[in-house]
Amino acid sequence: MSTDAVQPRSIEGAAEASSLPAPVILAGGKGTRLAPFTSVLPKPLMPLGDGPILDVLLQQLHAQGWNEVTLAVGHMAGLIRAYCGDGERYGMDVSYIQETTPLGTVGPLAFLPEEVRRRRLIVMNGDLLTTLRFRDLVAAHEESGAVLSIAVMRRPIKVEFGVLDLGESLGAAREITSYREKPEIESTVSMGVYVFEPEALDYVTPGEPLDIPALIGRLLADGRRVAGYPFDGYWLDIGRHSDYQQAIDDFERIREKLLAPEGARA
């Protein structure tokens with residue numbers, strides 16, 4: 001794992017950024033579900049409107065007061081570095097941490113520079129499209145006293161099979177008490193946006209592949225508080241072909257809400 005950093009462009013901008021959580025965008029995945037597109041482009045550079053989806057996240061962060069960001073890169077990292085550069089086009093300082101082997105959602109965070117690890121972090125997947133105001137999540141996290149917070153939504157999950165409930169034994173068989181054909185089940189799902197306190201990274205070993213569910217298991221087993229922040233606005237990730245097409249269809253309709261959220265800096 002390697003790191004690259006640039007110096008803040010202004011003392012005023014650096015002071016503002018340091019009062020906010022350090023933002024990290026996870027942009028290292030292979031995006032296998034979006035093949036064959038991701039055989040030529042990393043998923044965060046998939047086109048959306050007149051730029052890639054990563055553009056939207058960086059513009060949102062800048063609009064909400066951030067002037068710095070770290071990109072955790074791996075698959076086709078050179079293309080992301082070439083496109084984003086040092087962040088000048090966004091008015092931000094862009095740094096990179098480079099995966100040499102896949103480390104999951106959380107693993108790359110162990111390689112952040114020490115001065116960044118000592119700060120609160122806001123971490124997000126590089127393939128999401130949302131009107132979530134990141135500062136609202138940060139405020140809710142701070143109020144909760146949690147060591148880790150996750151933005152969550154209620155979403156219907158389609159079960160692609162007939163679902164049966166079984167009752168008493170009927171010899172070698174069981175009585176069927178109900179049958180639902182391909183039901184939709186309401187579930188609370190992660191949006192892929194997280195806020196970490198510095199001590200959460202104490203549970204991450206450098207070089208160890210680790211995903212969010214495993215980290216949450218460690219935190220809960222140790223009696224640490226983990227919080228969910230419910231959000232009822234727009235959210236989509238582009239992990240599947242159907243989701244990517246939906247994002248393309250939705251983008252022009254909600255472009256203004258995405259790129260110029262109301263009260264972004266308040």
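Being a predicted model, the structure only gives us computed values, none of them experimental. Along the sequence shown, the residues carry numbers beginning at 1.
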Scan the side chains in residues 148-157 for donor-acceptor partners under 3.5 Å anywhere in the protein, sequence neighbours excluded, and list what turns up.
from, atom 1, to, atom 2, distance (Å)
Ser149, OG, His141, ND1, 2.7
Arg154, NH1, Thr188, OG1, 2.9
Arg154, NH2, Glu186, O, 3.4

Exercise. Using a cut-off of 6.0 Å, state whether more than 12 heavy atoms not belonging to Lys182 lie near its atom NZ.
Key: no
Quiz item: How would you list, by chain and number, every residue that makes a side chain to side chain contact (heavy atoms under 4.5 Å, CB included) with Glu168, sequence neighbours excluded?
Solution: Glu175
Quiz item: Charged N to carboxylate O under 4.0 angstrom, Lys158 versus Glu184?
Solution: no
Quiz prompt | From Leu132, Val69, Thr130, Leu61, residue fulfilling side chain to side chain contact (heavy atoms under 4.5 Å, CB included) relative to Met124 | solution = Leu61
Practice problem: For the residue pair Val193 and Val123, establish whether any side-chain heavy-atom pair is separated by less than 4.5 Å. | Solution: no
Quiz item: Hey, does Arg81 have a side-chain heavy atom less than 4.5 Å from the side chain of Tyr96?
Solution: yes
Identify every side-chain donor-acceptor pair in residues 224-231 under 3.5 Å, counting partners at least two apart or on other chains, and give the distances.
from, atom 1, to, atom 2, distance (Å)
Arg224, NH1, Tyr203, OH, 3.4
Arg225, NH1, Ser144, O, 2.8

Quiz item: Within a strict 4.5 Å, meaning less than it, do heavy atoms of the Leu58 and Ile25 side chains meet?
Solution: yes
Quiz item: Taking C-beta and beyond as the side chain, do Pro23 and Glu68 meet within less than 4.5 Å on heavy atoms?
Solution: yes
Exercise. Answer yes if Leu220 and Tyr194 sit in the same cluster of Ile, Leu, Val, Met, Phe, Trp and Tyr residues linked by side chain heavy atoms under 4.5 Å apart, and no otherwise.
Key: yes
Quiz item: Under the 6.0 Å and 45° cation-pi test, does Arg89 pair with Tyr83?
Solution: yes
Practice problem: Output all residues satisfying side chain to side chain contact (heavy atoms under 4.5 Å, CB included) with Glu115, sequence neighbours left out; order by chain, then residue number. | Solution: Pro113, Arg118
Quiz item: Hydrophobic cluster mates of Leu170, side-chain heavy atoms under 4.5 angstrom, ILVMFWY only, any path?
Solution: none
Quiz prompt | With Pro209 via side chain to side chain contact (heavy atoms under 4.5 Å, CB included) - residues at least two apart | solution = Leu103
Exercise. Side-chain contact test, heavy atoms from C-beta onward, threshold under 4.5 Å: evaluate it for Val163 versus Ile185 and give yes or no.
Key: no
Practice problem: Check whether any side-chain heavy atom of Ile238 lies under 4.5 Å from a side-chain heavy atom of Leu129, and answer yes or no. | Solution: no
Exercise. Compute whether any side-chain donor of one residue and acceptor of the other, for Asp55 and Tyr90, lie under 3.5 angstrom apart.
Key: yes
Exercise. Look at atom CZ of Phe161 and say whether more than 12 heavy atoms of other residues, nucleotides or ligands are closer to it than 6.0 Å.
Key: no
Practice problem: Check whether Val159 and Val189 end up in the same hydrophobic cluster, where Ile, Leu, Val, Met, Phe, Trp and Tyr are linked by side-chain heavy atoms less than 4.5 Å apart. | Solution: no
Quiz item: If you count the non-hydrogen atoms of other residues, nucleotides and ligands that lie under 6.0 Å from CG in Asp249, is the total more than 12?
Solution: yes
Self-check item: CD/Glu143: more than 12 non-hydrogen atoms of other groups inside 6.0 Å
Solution: no
Quiz item: Do Glu99 side-chain atoms and Ala72 backbone N/O form a donor-acceptor pair below 3.5 Å?
Solution: no
Quiz item: Does some side-chain heavy atom of Arg135 sit less than 4.5 Å from a side-chain heavy atom of Trp66?
Solution: yes
